[in-house]
Amino acid sequence: MTSTETTSLRAAAARNNADWCASVSRSHGIRGTFGKTAWWSSRRTPPYYPDAFTLHHDTVPADFLAEIDTTSPGCSVKDSFATLDLTSSGFVELFDAQWIHRPAGLPAPTTSALRTERVSTADRLRDWQDAWHGGDAAPDVFRPALLDDPSVRVLAVHDGKELSGGAVLNRSTGLVGLSNLFAVSSNDAAAIWSSAIAAATRHFPGLPLVGYEHGDDLAHAQAGGFTALGTLRVWLHDS
């Protein structure tokens, strides 16, 4: 893969993830804005979701910084190409991760006995969110309006009747994002990854997968056929 191809895929992965962020925000009644080089929301976005999102390598802070709320706690920026320095604007680095890509032509992984199904009711979404958050008081992130979004699939992975994990798929132009993957038990992580990838090929056949990961989940993604495209950085306002 050439550097030009990699840069193009990174931009496509960033736009897909921004689309997902916009979907989550809309489910809370928050309407963000897609500019030429960034997405942003003037209202505080839901927990764990950025207030601004860079879409191009040459995005600069002036493209979005004046449009977001940096006065109340929790403001964050997803720096998709890890090119910005926001320290002078009161931000600190929260974490780095890698954009990832899985070509459409790869065969689906061999799945285990785990069963994957689409979450389709508010009650099941609430159970899914609790498990995603680790079983304790989950914040209000994933709302039932997401279940009616035609670009989104919320997946639950079951071992028999027990919820073992889950993931989210979101489709944008020409590709599918895989995000919010979790395993209730860390011992099941590899099987959850395989199940989620296989489900993605069923729900959206013939399309490549993108996302971002770090740590152990990056290793599981690479074992499932993903390759790393480059670094992104998340900044948190130190307010």
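In this chain, numbering begins with 1 at the start of the sequence shown.
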Under a single-linkage definition using a 4.5 Å side-chain heavy-atom cutoff for Ile, Leu, Val, Met, Phe, Trp and Tyr, are [X] and [Y] assigned to the same hydrophobic cluster?
X	Y	result
Ile197	Leu207	yes
Leu178	Ile192	yes
Val176	Leu155	yes
Phe204	Trp20	no
Leu181	Val24	no

Taking side chain as C-beta onward, heavy atoms only, is [X] less than 4.5 Å from [Y]?
X	Y	result
Ser25	Pro46	yes
Leu236	Cys75	no
Thr116	Arg202	yes
Leu125	Val154	yes
Pro50	Val77	no
Thr83	His57	yes
Pro103	Pro208	no
Arg10	Ser80	no

For [Y] together with [X], are the ring centres under 6.0 Å from each other?
X	Y	result
Tyr212	Trp99	yes
Phe142	Trp128	yes
His214	Phe95	yes
Trp132	Tyr48	yes

Short side-chain to backbone donor-acceptor contact, [X] and [Y], under 3.5 Å:
X	Y	answer
His28	Val141	yes
Gln98	Gly230	yes
Thr7	Ser3	yes
Ser194	Ala190	yes
Asn16	Asn170	yes
Thr201	Pro205	no
Thr59	Thr37	yes
His237	Val92	no
His56	Lys36	yes

Nearest atoms (heavy-atom pairs only) where [X] meets [Y]:
X	Y	answer
Pro109	Arg102	CD-NH2, 3.8 Å
Cys21	Trp39	SG-CZ3, 3.6 Å
Ala14	Thr54	CB-O, 4.2 Å
Arg43	Ser41	O-OG, 2.6 Å
Leu163	Ala156	CD1-CB, 3.7 Å
Leu147	Ser120	CD1-C, 3.7 Å

Atom [atom1] of [X] with >12 non-hydrogen neighbours under 6.0 angstrom:
X	atom1	result
Glu162	CD	no
Arg118	CZ	yes
Arg171	CZ	no
Asp216	CG	no

Exercise. Can you tell me how far OH of Tyr49 sits from CD1 of Ile30, rounded to the nearest 0.5 angstrom?
Worked result: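 The OH atom of Tyr49 is 12.5 Å from CD1 of Ile30, to the nearest 0.5 Å.
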Have [X] and [Y] got a donor and an acceptor in their side chains that come within less than 3.5 Å?
X	Y	result
Gln222	Thr227	no
Thr87	Asp85	yes
Ser23	Asp149	yes
Trp193	Asp217	yes

Exercise. Hey, is Asp51 close enough to Arg44 for a salt bridge, meaning N to O under 4.0 Å?
Worked result: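 Looking at Arg44 together with Asp51, the answer is yes, because their closest N to O distance falls below 4.0 Å.
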Problem set entry | Salt bridge Arg124-Glu117, side-chain N to carboxylate O under 4.0 Å |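 Answer for the salt bridge query: yes.
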For this session: Answer yes or no on whether Arg15 is positioned over the face of Phe34, meaning its NZ or CZ is under 6.0 Å from the six-membered ring centre and within 45° of the axis.
Result: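 Yes, cation above the ring, under 6.0 Å and within 45°.
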Exercise. Can you check side-chain contact (heavy atoms from CB on, under 4.5 Å) on Leu114 and His158, steps first, answer last?
Worked result: CA-CA 6 Å; Leu114 300 179; His158 294 272; over 6 Å; no
